[in-house]
J.: 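Here you go, one structure.
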Amino acid sequence: MFQEQGAISRCQRQACWFMMAYFLLLASPSKGFLPNFWSKVLTLSLDSHTHQYITEQAILNITTEVLRGTTKHKEDHAEEEVRSSCRCYKSGRLFQHTPPDFIPSQARLGRSFWRAMKEVSISNANMDFMMSTKFNPVYHFDAEAIDDSILMLRRFWTQIVLSVRAKEYESARFTLGQLLHTLQDFYSHSNWVEMGKKSIYLHLLQPEEPSETQNQMNTPTCVDCFTPTCRNNLLPALANPQGNAHLLTTGYDSYSKKPKGKCSHGGIMDRSQYLSARGGINKDSTSPLFSPHHYLHMEAAKMATNATLSLLRDLKDTVGPEVFLKVKQVPALVFVMDTTGSMFEEITAARLRAHSIIQNRANGTEHPGTFLLVPFHDPGFGPVYEADDPNQFMEFLENLMALGGGDEPEMSLSAIQLALTHSPPLSEIFVFTDASAKDDYLFDAVKALALEKQSKITFLLTEDPSHTTRVRRKRRSKDSLSPDRFALYSSLSSLSGGMTIFTTNSDIHRVSAVVEDNIAVNKVQLLLHLMGINILHLLCT
């Protein structure tokens, strides 16, 4: 028995060492700041600033800054409301993680913002993992390929702006993550900090700004260093705390052919550190095992953070504040409307409810996002009417007519699929109909798309499902109908987090208020989540 336990223990230790070696390889800082939280845990440098941290903090700060700047007069009122509502909580832990003056803007960001921010940070970190980018020095400001890296940065910038203007926001977020990775690597892999520079290098993305003289490829840059911490291993022309250094360089790693006398990236994962000149200059972490210039990590991280903030502000100024917020994935409000002849009351209710929501958002502090309308009947569905301007969206609704039809079922799932395809994730989709789905074969595809986008679908049905016969206004004959013909709607709403509500034509105006109530409930839940408190703590005594 003891021998068996010993064998198991040995296997566990071997597996542990194997996993540790594997994760250390993945978390190797040889390509920039540590990519994410787990990499700094595995490298035992918990106080290091990672690509993920730098990126997410900058996006959060700039987005909040934009929100406050665009609705300053409304923000003051919102802050006072939050402060007043929180005076009843006396334990002192309410703002343990979030300052009071920061909560209103954060509360307005919503689930879509956190998802979008994560997409950017993951795209950033993946530059260290993807085979197409991991070993290419141009993506990481390595091997003195400075001009090529600058060209890559500016190409990324052009792609982002074009994607935003084409409303391809997912592509813009992906490219933004890549750009930020390369930009941040400059301050960790170059000698910019060692040169004594106190501000960011504007020339990287702004050709009109002055450029620094770059070291020649055949000129040595470093001297040998035989200890984990490499102080003063850069030649005098490349390092001077007083800012008198005048040559810009970057280090070489194991995947680049390193000329004699050049600086290495350095660290235990970089084999080039054993070639002349020995040692390295990277500032990726606070660990001397991985970063020979670890003592300058915080300064390099501060530079990278300032450069990230500057780029995001430039993007906001280039595309405009409203569009900038959409890059952060504001969800849409979507109406999917049955337009057959029996739907006059439902269409009228949808108009009134949409107008009420638009008015509430205009008077509130929340960014309105995009509005979508998708009509359907039988045999047609679509097109998608999309508008950023709420007045234009109301025009779409005003022009919607209930005509024709008379036979059940309708092409409802095709219309929902179209709505999901054209709306961003986490959108609210409201379906107004009195008919079952003719295209039930699309159920699995619609379900998968709803789960992928995490969008909530709510059905407002003006028909009693217990009726097995009904009379359509257009056609005065009775049809036999299945009592469970709305089962697909109930299933779809349940798995997406929405509701299925049965009502009548006369009550649809009152019942349609659930559209607003649904959105309001989400806001309250989000605010409580961000505050990190129990709802009982909100009860004033």
Side-chain angles (χ1 to χ4, degrees), residues 22-36 39 43 50-52 54-55 119-160 162-163 171-192 201 203-205 214-218 221-222 248-259 262-275 280-285 290-293 300 304 307-308 311:
Y22 174 73
F23 283 119
L24 281 175
L25 179 62
L26 289 181
S28 169
S30 62
K31 287 296 176 185
F33 291 103
L34 299 176
N36 51 37
S39 59
T43 56
T50 65
H51 279 294
Q52 178 186 14
I54 293 171
T55 300
E119 286 182 18
V120 177
S121 65
I122 289 175
S123 173
N124 184 325
N126 282 346
M127 294 282 277
D128 284 340
F129 303 132
M130 295 189 301
M131 296 302 295
S132 59
T133 58
K134 180 177 181 179
F135 304 118
N136 190 333
V138 174
Y139 290 103
H140 307 280
F141 273 102
D142 287 329
E144 294 188 308
I146 297 175
D147 286 336
D148 291 337
S149 295
I150 291 176
L151 184 63
M152 179 68 69
L153 282 177
R154 295 173 183 174
R155 188 177 301 141
F156 281 150
W157 171 263
T158 301
Q159 290 174 359
I160 292 169
L162 291 176
S163 295
S171 174
R173 289 190 292 272
F174 176 78
T175 308
L176 178 61
Q178 292 185 312
L179 187 156
L180 291 177
H181 184 103
T182 303
L183 178 67
Q184 292 160 3
D185 274 359
F186 171 79
Y187 299 96
S188 176
H189 292 182
S190 75
N191 63 324
W192 185 259
Y201 190 20
H203 178 73
L204 294 178
L205 283 160
Q214 297 177 26
N215 187 72
Q216 299 299 312
M217 294 293 291
N218 57 354
T221 55
C222 274
L248 184 63
T249 190
T250 63
Y252 288 75
D253 60 20
S254 306
Y255 308 106
S256 306
K257 186 176 180 180
K258 173 186 166 183
K262 292 293 185 180
C263 297
S264 287
H265 179 88
I268 61 174
M269 306 299 291
D270 177 23
R271 295 188 302 274
S272 76
Q273 67 167 320
Y274 302 111
L275 304 175
I281 64 169
N282 92 72
K283 298 163 282 294
D284 295 345
S285 71
F290 294 94
S291 302
H293 283 197
T308 302
L311 181 136

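Predicted, not measured: the structure shown is a model, and the values here were computed from it. Excluded from the calculations below are hydrogen atoms, water molecules and symmetry mates; all remaining heavy atoms, backbone and side chain alike, are included.
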J.: Whether the side chain of Tyr139 engages the backbone of Ser149 through a donor-acceptor N/O pair (distance < 3.5 Å, no angle test) should be reported.
T.: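 No; judged by distance alone, with no hydrogens or angles, the pair does not exist.
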J.: If I compare all heavy atoms of His265 with all of Pro292, which pair ends up nearest, and what's the gap?
T.: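 Looking at all heavy atoms of both residues, the shortest contact is O-CD, 4.0 Å.
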J.: Rounded to the nearest 0.5 Å, what separates atom CG in Leu162 from atom CH2 in Trp157?
T.: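 The CH2 atom of Trp157 is 11.5 Å from CG of Leu162, to the nearest 0.5 Å.
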J.: Would you name the heavy atoms of Tyr187 and Leu204 that are closest together and state the gap between them?
T.: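 It is OH-CD1, 4.1 Å.
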J.: Taking the side chain as every heavy atom from C-beta outward, state whether Phe290 and Ile268 have any atom pair closer than 4.5 Å.
T.: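 Yes, side chains in contact.
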J.: Between His181 and Asn126, do the side chains contain a donor N or O and an acceptor N or O under 3.5 Å apart?
T.: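 There is no such pair between these side chains.
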J.: Please lay out, stage by stage, how Asp128 and His51 fare under the test side-chain hydrogen bond (donor to acceptor under 3.5 Å, both in side chains).
T.: CA-CA 10 Å; Asp128 284 340; His51 279 294; 4.5 Å; no
J.: I'd like to know if the side chain of Thr133 and the backbone of Phe129 have a donor-acceptor N/O pair within less than 3.5 Å.
T.: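 No: the side chain of Thr133 does not pair with the backbone of Phe129.
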J.: What heavy-atom pair brings Gly267 and Gln273 nearest, and what distance separates the two atoms?
T.: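 Minimum heavy-atom contact is O-NE2, 2.8 Å.
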J.: Should the ring pair Tyr201 and Trp192 be called parallel, tilted or perpendicular, given that the plane angle runs from 0 to 90° and is split at 30 and 60?
T.: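 Tyr201 and Trp192: parallel rings.
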J.: Where does the angle between the aromatic ring planes of Phe141 and Phe186 fall among parallel (under 30°), tilted (30 to 60°) and perpendicular (over 60°)?
T.: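 Rings of Phe141 and Phe186: perpendicular, over 60°.
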J.: Determine the minimum heavy-atom distance between Leu180 and Thr308, stating which atoms define it.
T.: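 In terms of heavy atoms, the two residues are closest at CD2-CG2, 3.7 Å.
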J.: Does the Ser264 side chain pair with the main chain of Ser272, one donor and one acceptor, at a distance under 3.5 Å?
T.: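 Yes; at least one donor-acceptor contact below 3.5 Å.
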J.: Evaluate the criterion side-chain contact (heavy atoms from CB on, under 4.5 Å) for residue pair His203 and Ile150; output intermediate values, then yes/no.
T.: CA-CA 9 Å; His203 178 73; Ile150 291 176; 4.2 Å; yes
J.: Can you check whether Ser190's main-chain N or O pairs, donor with acceptor, with Thr250's side chain at less than 3.5 Å?
T.: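 Answer holds: no.
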J.: One pair to check against side-chain hydrogen bond (donor to acceptor under 3.5 Å, both in side chains): Thr55 and Gln184. What are the steps and the verdict?
T.: CA-CA 9 Å; Thr55 300; Gln184 292 160 3; 3.2 Å; yes
J.: State, yes or no, whether a side-chain contact exists between Phe33 and Thr50 at a heavy-atom distance under 4.5 Å.
T.: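 Sidechains of Thr50 and Phe33: no contact.
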J.: In Å, rounded to the nearest 0.5 Å, how long is the span from CG of Asp142 to OH of Tyr252?
T.: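 One finds 10.0 Å between CG of Asp142 and OH of Tyr252.
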J.: Say whether, by atom type as modelled, one donor and one acceptor occur between the side chain of Lys283 and the main chain of Ile281 under 3.5 angstrom.
T.: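 Between the backbone of Ile281 and the side chain of Lys283 there is a qualifying donor-acceptor contact (under 3.5 Å).
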J.: In terms of relative ring orientation, are His140 and His189 parallel, tilted or perpendicular, with 30° and 60° separating the classes?
T.: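 Because their plane-to-plane angle lies in the 30° to 60° range, the rings of His140 and His189 count as tilted.
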J.: For side-chain hydrogen bond (donor to acceptor under 3.5 Å, both in side chains), just list the numbers for Thr221 and Asn215, CA-CA rounded to whole Å, side-chain angles, deciding distance to a tenth of an Å, and then say yes or no.
T.: CA-CA 8 Å; Thr221 55; Asn215 187 72; 5.3 Å; no
J.: Could you state the interatomic distance from CD (Gln178) to CG (Leu153), rounded to the nearest 0.5 Å?
T.: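 The distance works out to 11.0 Å.
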J.: Checking side-chain hydrogen bond (donor to acceptor under 3.5 Å, both in side chains) for the pair Asn282/Ser291: CA distance, chi angles, key distance, verdict?
T.: CA-CA 5 Å; Asn282 92 72; Ser291 302; 2.8 Å; yes
J.: Which value, rounded to the nearest 0.5 Å, describes the distance between Cys263 atom SG and Asp253 atom CG?
T.: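 Going from the SG atom of Cys263 to the CG atom of Asp253 covers 13.0 Å.
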J.: Checking the side chain of Gln214 only, and the main-chain atoms of Leu248 only, is there a donor and an acceptor separated by less than 3.5 Å?
T.: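 Checked: no pair found.
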J.: Any side-chain donor-acceptor pair under 3.5 Å between Asp270 and Ser254?
T.: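 Side chains of Asp270 and Ser254: pair found under 3.5 Å.
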J.: Check whether Ser163 reaches the backbone of Ser171 with its side chain - one donor and one acceptor, N or O, closer than 3.5 Å.
T.: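 Not at all, since once roles are kept as given, no pair shorter than 3.5 Å links the two residues.
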J.: CD/Gln216 to OG1/Thr249 distance, rounded to the nearest 0.5 angstrom?
T.: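 OG1 of Thr249 is found 10.5 Å from CD of Gln216.
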J.: To the nearest 0.5 angstrom, please state how far the OG1 atom of Thr182 sits from the CE atom of Met127.
T.: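 Between atom OG1 of Thr182 and atom CE of Met127 there are 4.0 Å.
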